[in-house]
Amino acid sequence: MDLNEILRVRREKLDTLKKEGRNPFDMTRFDREYTAKELLDNFDKFQDKEVSLAGRIMAKRIMGKASFCHIQDGLERIQLYVRVDELGEDSYSEFKKYDIGDIVGITGLTFVTHMGEKSIRVKSMVLLTKSLQPLPEKFHGLKDMDLRYRQRYVDLIVNPEVKSVFITRAKIIKAIREYMSNLGYLEVETPVLHNQATNANARPFCTHQNTLDIDMYLRIELELNLKKLIVGGLDKIFEIGKVFRNEGMDTRHNPEFTLMEFYEAYGDLYTMMDRAEQIYCYVADNVLGTRQIDFQGQIINLESPWRRLTMIEAVKEYSGVDFDSFTLDDEAAKKAAKEKNVHVESHWNWGMILNAFFEEYVEKNLIQPTFIYQYPIEISPLAKRNKDKPHLTERFEFFILASEMGNAFSELNDPVDQKERLIAQAKSKFGEYEFTIDEDFINALEIGMPPTGGMGLGVERMIMLFTNSSSIRDVMFFPTMKPESNG
RNA sequence: GGGACAUUAGCUCAGGCGGUAGAGCACUUGACUUUUAAUCAAGGUGUCCGGAGUUCGAGUCUCCGAUGUCUCACCA
């Protein structure tokens with residue numbers, strides 16, 4: 001064994017305890033009355049009362065016959081004052097052997113130190129878990145991003161702000177559920193394993209079911225199954241679930257992420273615009289208590305109404321090119337693209353080039369919440385056509401911090417038009433990966449889906465905004481990592 | 001996929017022109033009964049990310065590879 005001194009000493013301490021019949025791993029239970037947070041928040045009520053609590057030793061200051069240490073439980077850190085004359089010679093010398101990282105249970109009296117810190121004067125202490133590895137340094141914490149993601153449990157112990165991000169994450173998702181439930185939405189769950197790779201321009205993950213001996217796909221969206229439920233008469237539904245996209249990874253994309261989709265029968269994209277504003281404001285009010293959010297020094301104002309621009313208006317404003325002046329003229333669009341240095345492929349048409357202009361000139365400017373609506377039909381196969389402009393759709397996306405935060409439309413419910421558009425999309429994807437049409441979805445539309453508004457929200461993007469996080473990896477406990485090689 | 005940067009003790013980091021590796025925390029021993037990044041004294045940390053090359057000699061220079069961070073590209 002080539003263990004270094006720190007590891008060796010801790011193992012020897014454990015061996016000694018085992019030999020003396022006091023193996024800490026034999027402990028099964030410790031009845032703690034309070035958490036550190038409960039004690040600290042209501043400290044006056046406990047003045048000079050005996051309490052019990054448990055936690056991990058995070059710092060130790062031994063001063064001969066008396067010592068201070070800090071223990072940390074789920075939410076807070078509290079100071080212990082340990083004296084030999086209160087604990088007894090044997091227990092006190094045991095305590096001196098405890099290491100930072102060990103987990104102890106204690107009883108003691110609350111008191112305030114001369115320096116004014118709320119503390120516990122310990123009457124008894126028992127070792128509940130022996131830590132065999134050293135924790136990172138108390139002052140700098142764990143900084144190495146690779147280690148923080150791979151050993152998130154250590155990150156959570158030593159970097160308190162990390163825990164706070166994930167507590168906020170949980171509050172956000174709880175608030176979303178509350179809001180949807182208050183509006184009469186039913187939460188549903190649909191399968192993660194799909195038989196077909198359908199819809200959405202994203203490559204799927206493939207897997208295999210052994211009993212049926214069939215290839216299956218991890219879902220890349222929730223959309224088609226939820227719309228089938230709308231057909232089935234569940235008029236207001238939402239799902240919050242993991243989806244999987246086999247695409248690039250960066251600070252805004254992780255291969256698996258949490259998507260929320262919701263559908264409301266008899267609503268349309270304007271209903272969905274209201275919902276987007278309302279959800280963000282409800283979460284802001286309930287989680288942060290303000291609708292002005294400080295993100296890396298920029299103040300994001302979530303107060304509704306948000307700015308609403310058609311894609312054509314937005315492109316005109318930020319690039320100076322008016323696509324209304326050459327509607328559906330592919331050659332004029334290509335000429336404009338050349339003049340404005342927008343990269344286009346030879347087979348692209350007016351709508352695709354409009355979208356390219358949007359991505360090149362507009363998206364990066366959309367810092368404050370902004371709805372962009374009337375997307376071109378070529379890139380919106382599941383949205384209804386605009387009645388007056390059939391080359392555009394009743395679709396919007398909304399942007400905050402130049403990032404797409406959600407995507408919504410008046411759902412296309414014409415089964416004939418839908419099938420044609422899915423076939424067109426499938427053809428355009430031919431050869432890239434296997435892509436098929438969900439005939440059952442078409443069948444459902446033939447049974448009849450009411451006019452419906454639907455939206456998808458990237459939950460991590462929202463959490464990033466609310467937790468001031470610049471990377472999606474900072475709001476996921478275990479982001480996707482390459483396996484460590486043996487070098 | 002391209003580019004830049006990083007990788008040295010358990011952690012955070014320093015290592016000038018190529019000459020057998022350094023600090024703080026943590027750890028061990030001792031002192032200390034209100035400290036809080038406790039203090040004081042003493043002690044030893046190591047596959048310098050991996051591999052190859054240049055060299056009398058490589059943590060340092062060159063090449064190949066690994067992982068990460070940022071960034072560009074791709075991506076509803």
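Quick note on labels: first sequence line is chain A, next is B, and so on, each numbered from 1. Computation of the quantities below employed the complete heavy-atom set of this structure, encompassing side-chain atoms and omitting hydrogens, waters and symmetry-equivalent molecules.
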**Request:** Please state the C1' separation for the pair B:G50 and B:A37 - nearest whole angstrom.
**Result:** 36 Å
**Request:** Assign the ring pair A:Tyr81 / A:Phe68 to parallel, tilted or perpendicular, where the plane angle (0 to 90°) is split at 30° and 60°.
**Result:** parallel
Sort me out a list of protein N/O and nucleotides 68-70 of chain B N/O pairs below 3.5 Å, or just none if empty.
residue: B:G68; atom: OP1; partner: A:Lys482; partner atom: N; Å: 3.1
residue: B:U69; atom: OP1; partner: A:Arg473; partner atom: NH1; Å: 2.7

**Request:** Considering only atom P, compute the distance from B:A9 to B:A21 and round it to an integer number of Å.
**Result:** 14 Å
**Request:** Take atom CE of A:Met58 and atom P of B:A38, then tell me their distance rounded to the nearest Å.
**Result:** 12 Å
**Prompt:** Does B:C5 fall in syn (glycosidic angle within 90° of 0) or anti?
**Reply:** anti
**Message:** Taking syn as a glycosidic torsion within 90° of 0 and anything else as anti, which one is B:G16?
**Reply:** syn
**Request:** Give the dot-bracket string for RNA chain B, reading 5' to 3', where a pair is Watson-Crick or G-U wobble with both distances under 3.5 Å, ( ) marks pairs inside the strand, [ ] marks pairs crossing earlier ones, | marks a partner on another strand, and . marks unpaired.
**Result:** (((((((..((((.....[..)))).(((((.......))))).....(((((..]....))))))))))))....
**Prompt:** Please give, in whole Å, the distance from B:C11 C1' to A:Arg148 CZ?
**Reply:** 13 Å
**Request:** With sequence neighbours excluded, tell me which residues meet side-chain hydrogen bond (donor to acceptor under 3.5 Å, both in side chains) with A:His391.
**Result:** none
**Complete:** Atom CD of A:Glu404 and atom P of B:A76 are separated, to the nearest Å, by 10 Å
**Message:** Could you tell me how far B:A14 sits from B:U8 if I compare only their P atoms? Round to whole Å.
**Reply:** 10 Å
**Request:** Return the set of residues passing salt bridge (Lys or Arg N to Asp or Glu O under 4.0 Å) with A:Lys338 (not counting sequence neighbours), or none when no residue passes.
**Result:** none
**Asked** Does A:Gln298 reach the side chain of A:Leu401, with side-chain heavy atoms less than 4.5 Å apart?
**Response** yes
**Item:** Distance in angstrom units between A:Met249 CE and B:G1 C1', rounded
**Value:** 14 Å
**Request:** Enumerate the residue pairs fulfilling side chain to side chain donor-acceptor pair (under 3.5 Å) with a member in residues 358-370 of chain A, sequence neighbours excluded, ordered by first and then second residue.
**Result:** A:Asn355-A:Glu359
**Message:** Below 4.0 angstrom, which residues in residues 341-371 of chain A have at least one non-hydrogen atom near RNA chain B?
**Reply:** none
**Request:** With A:Arg152 as the cation and A:Phe477 as the aromatic partner, state whether NZ or CZ is under 6.0 Å from the six-membered ring centre and within 45° of the axis.
**Result:** no
**Whole-angstrom distance between B:G46 and B:G10, as gauged at atom P** = 7 Å
**Set of residues satisfying side-chain hydrogen bond (donor to acceptor under 3.5 Å, both in side chains) with respect to A:Glu420, sequence neighbours excluded** = none
**Item:** Whole-Å distance separating the CG atom of A:Asp250 from the C1' atom of B:A73
**Value:** 11 Å
**Message:** Could you check whether any side-chain heavy atom of A:Ser319 comes within less than 4.5 Å of a side-chain heavy atom of A:Val362, counting everything from C-beta outward?
**Reply:** no
**Item:** Atom P, compared across B:A23 and B:U45: separation rounded to whole Å
**Value:** 11 Å
**Asked** By side-chain hydrogen bond (donor to acceptor under 3.5 Å, both in side chains), which residues pair with A:Lys242, not counting sequence neighbours?
**Response** A:Glu256
**Prompt:** Side chains of A:Ile71 and A:Leu53: does their closest heavy-atom pair fall under 4.5 Å?
**Reply:** yes
**Item:** Separation of B:C75 P from A:Gln425 CD (nearest whole Å)
**Value:** 14 Å
**Asked** Could you state the CZ-C1' distance from A:Arg8 to B:A9, rounded to the nearest angstrom?
**Response** 15 Å
**Request:** Sugar-phosphate means primed atoms, P, OP1 and OP2; the rest is base. With that split, encode nucleotides 25-35 of chain B 5' to 3' as B, S or - using protein heavy atoms under 4.0 Å.
**Result:** BBBS---BBBB
**Request:** Have a look at B:U20 and give me syn or anti from its glycosidic angle (syn if within 90° of zero).
**Result:** syn
**Asked** What distance, rounded to whole Å, do you find between the two P atoms, one in B:C13 and one in B:G51?
**Response** 25 Å
**Item:** Close side-chain approach of A:Glu394 and A:Asp268, heavy atoms under 4.5 Å
**Value:** no
**Item:** Qualifying residues under salt bridge (Lys or Arg N to Asp or Glu O under 4.0 Å), relative to A:Arg83, sequence neighbours excluded
**Value:** A:Asp85, A:Glu86
**Gap between atoms CD and C1', on A:Gln151 and B:C11 respectively (whole Å)** = 11 Å
**With A:Asp15 via salt bridge (Lys or Arg N to Asp or Glu O under 4.0 Å) - residues at least two apart** = none
**Complete:** Per ring pair (Phe, Tyr, Trp, His ring centres under 6.0 Å), A:Phe371 is matched among A:Trp306, A:Tyr280, A:Phe399, A:Tyr270 by A:Trp306
**Message:** Applying a 4.0 Å non-hydrogen cut-off, can you work out what A:Gly456 is touching in the nucleic acid: base, sugar-phosphate, or nothing?
**Reply:** nothing
**Partner set under side-chain hydrogen bond (donor to acceptor under 3.5 Å, both in side chains) for A:Tyr92, not counting sequence neighbours** = A:Ser67
**Item:** Distance between C1' atoms of B:C72 and B:G53 (Å, rounded)
**Value:** 33 Å
**Prompt:** How far does the C1' atom of B:U28 sit from the matching atom of B:G19, given to the nearest Å?
**Reply:** 33 Å
